[in-house]
Amino acid sequence: MLDIETVRSHPQRVKEAVRAKYAGSPDEIDDLLDRVDELLEVDEARRSHITEMQEKQSRQNDLSSEIGKLKREGKDDEAEKRIEQTSELKEEIDALNEKVEAAETRQRELLLALPNIPHSSVPVGATEEDNEIEETVGDKPSFDSEPHPHWELTDQHDLVDFERGAKVTGSGFPFYTGRGARLQRALLNFFLDRARDRGYQEMQAPLFVNPESAEGTGQLPDKEGLMYKIKESSPEDVEDEITNRLLKREESPNGEAEVRREVRSMINDLMEGDFYPIPTAEVPLTNFHRDEIIDGDDLPLKYCGYTPCWRREAGSYGADVRGLNRLHQFDKVELVHIVHPDESYRALDTLLRDAESALEALGLPYRRLLMCTGDMGFTQAFKYDLEVWSAGQERWLEVSSISNFEAFQARRMQIRYRPEPEAKPRLVHTLNGSGLAFPRILAALLENNQQPDGTIELPDVLHSYTGFAQIE
RNA sequence: GGAGGGGUGACCGAGUGGUCGAAGGUGCUCGCCUGGAAAGCGAGUGUGCCGCCUUGCGGUACCGAGGGUUCGAAUCCCUCCCCCUCCGCCA
């Protein structure tokens, strides 16, 4: 979420950010630009109503304390006169208050819809074609014969059972079997041990979050389709809720439009999830400090956590989703930084090195992309992607995305720090990066390390974690 | 799931309708004292928003959340959430 003051004083910067981020889908630009204009109007109206309301509240308070004084002095007649004066004031205050609340609600809606402003150094571009390849590290392995894609290797060595996963749950929910499962556990321990050695505090987070948390990190309201949803309430609960609301309604409001609006708000409330299975550990780990004021001396905070992640990934198909390339449930170690706002780009470099060095330790060739404005997503101010080479598919697979959100998430979550004792609290900056996502790492390890005799050699650093050095 | 108790500022804790944004204490900041420190003494110390003559001043809201009663609510009423204790169930 952007700061209303930024929008108020630099509407052009905000509009430029909208154009830059939505360059790939121009239809949405006009709509969002209109929202910026509406926001300016709403803000203006909101403030003038507040000023007017507060003047009246002030008079009301004066009258009330006079009434109290008069009553104590026994001058009930005088007090009665004052009480009469307050009734009109009260009505005016109520009316103004309604306007203020409506404006505040609308203002928040509009603000939540505006994307973060990209850092000035981010390359301008519309699609992934415009991302900059900053560096390619390591050499692609060479093969005498055509290397196999990982889904053939997992079949051959009984490492992953996609079919039974599909039977038991659905497509995109594989079983890892035998050495496949042990390899996953090895990655888990390897990544967490590395993170701990690099100064991260290990966390085990809840795997479901509430809607407030999902909004805090930016999954709601913009990316609801990304997440699965859990409702605790039964159809009977829903029926009761609707019935109660209809009964409570003071006479039928006027006209279809009014009714329709009410129904829509009812549906929205009833459709909201009670919980969301996390799409990434970023959500619980960053929300850990939601609505807190952190002692400045405690910054930076660095957390790591292993969790499964669930994603709906609606509408994806084809070679992209073959094998381990894209799953509805996958495992990941996530790294999160909560830092002083002046330090966030330094922290981004550290975070980047933390992720990259893990790839280097595993001996996987990778490249680092600097994401352009159009491909970086709603909440980020700056984003790198790390992609590993997948020899069997002859393509690059994204295994980590490393982002600085600056104060965008912190403002939604109200995570602040106090620079000095007695100083005013300021928003922190938040960052996160995958360190790393397991399935594509597994795919690359299998494909890149396959041998002519059909065996797979595992990198040295994993041997002590797997208990085996190769898969025959 | 059943029964009961409770949610007040960074923390503890008073406050049951009228100068209560909230006593007292702890912590913290500054000053005095000291060779230095502790102790002691004195002063200060919440957040958001709005306005203005914008290193500050004024106003307003906030005592778990939302609604209600009242001229006036931390205090009374209703709904919800969370925490604790006991019983039951349970990986």
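To find a chain, count down the sequence lines: A is the first, B the second, and so on, and within it residues start at 1. Since we're looking at a predicted model, the values are computed, not measured.
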Kindly give the atom pairs (protein nitrogen or oxygen, nucleotide nitrogen or oxygen) under 3.5 Å for nucleotides 56-60 of chain B.
residue : atom : partner : partner atom : Å
B:G59   : O3'  : A:S58   : OG           : 3.3
B:G59   : N2   : A:Q54   : OE1          : 2.7
B:G59   : N2   : A:Q54   : NE2          : 3.0
B:G59   : N3   : A:Q54   : OE1          : 3.4
B:U60   : OP1  : A:N61   : ND2          : 3.3
B:U60   : O3'  : A:Q57   : OE1          : 3.4
B:U60   : O2'  : A:Q57   : OE1          : 3.0

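A side-chain hydrogen bond (donor to acceptor under 3.5 Å, both in side chains) check over residues 110-120 of chain A, counting only residues at least two apart or in different chains, returns the pairs A:H119-A:S121. A salt bridge (charged side-chain N to carboxylate O under 4.0 Å, His left out) check over residues 187-198 of chain A, counting only residues at least two apart or in different chains, returns the pairs A:D193-A:R196, A:R198-A:D354. Within the structure, the side-chain hydrogen bond (donor to acceptor under 3.5 Å, both in side chains) test picks out the following pairs touching residues 431-441 of chain A (sequence neighbours left out): A:E282-A:N432.
Contacts of A:D331 classified as side chain to side chain donor-acceptor pair (under 3.5 Å), with partners at least two apart in sequence or in another chain: A:Q184, A:Y306. Residues that satisfy the side chain to side chain donor-acceptor pair (under 3.5 Å) test with A:D3, not counting sequence neighbours, are absent from this structure. Looking at residues two or more places apart in sequence or on another chain, you find a salt bridge (Lys or Arg N to Asp or Glu O under 4.0 Å) between A:D31 and A:R35. For A:E343, the side-chain contact (heavy atoms from CB on, under 4.5 Å) partners two or more places apart in sequence, or in a different chain, are A:H340, A:R346.
Residues of residues 85-102 of chain A that place a heavy atom closer than 4.0 Å to RNA chain B, in numerical order, are A:T86, A:K90.
With a cut-off of 3.5 Å on both pairing distances, the Watson-Crick and G-U wobble pairs of RNA chain B assemble into stems of 3 or more at B:1-7 with B:81-87, B:10-12 with B:24-26, B:27-32 with B:40-45, B:46-52 with B:56-62, B:64-68 with B:76-80.
For the pair A:R416 and B:G48, the criterion of a side-chain N or O lying under 4.0 Å from OP1 or OP2 is met.
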Identify all side-chain donor-acceptor contacts of residues 291-300 of chain A below 3.5 Å with residues at least two apart in sequence or on another chain.
residue : atom : partner : partner atom : Å
A:E292  : OE1  : A:H289  : ND1          : 2.9
A:D295  : OD1  : A:D297  : N            : 3.1

Item to complete: Would you mind building the protein contact string for nucleotides 18-23 of chain B? One character per nucleotide, 5' to 3', B for base within reach (heavy atoms under 4.0 Å), S for sugar-phosphate only, - for untouched.
Response: B-----
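For the pair A:S48 and A:R418, both in contact range of RNA chain B, the more 5′-proximal nearest nucleotide belongs to A:R418.
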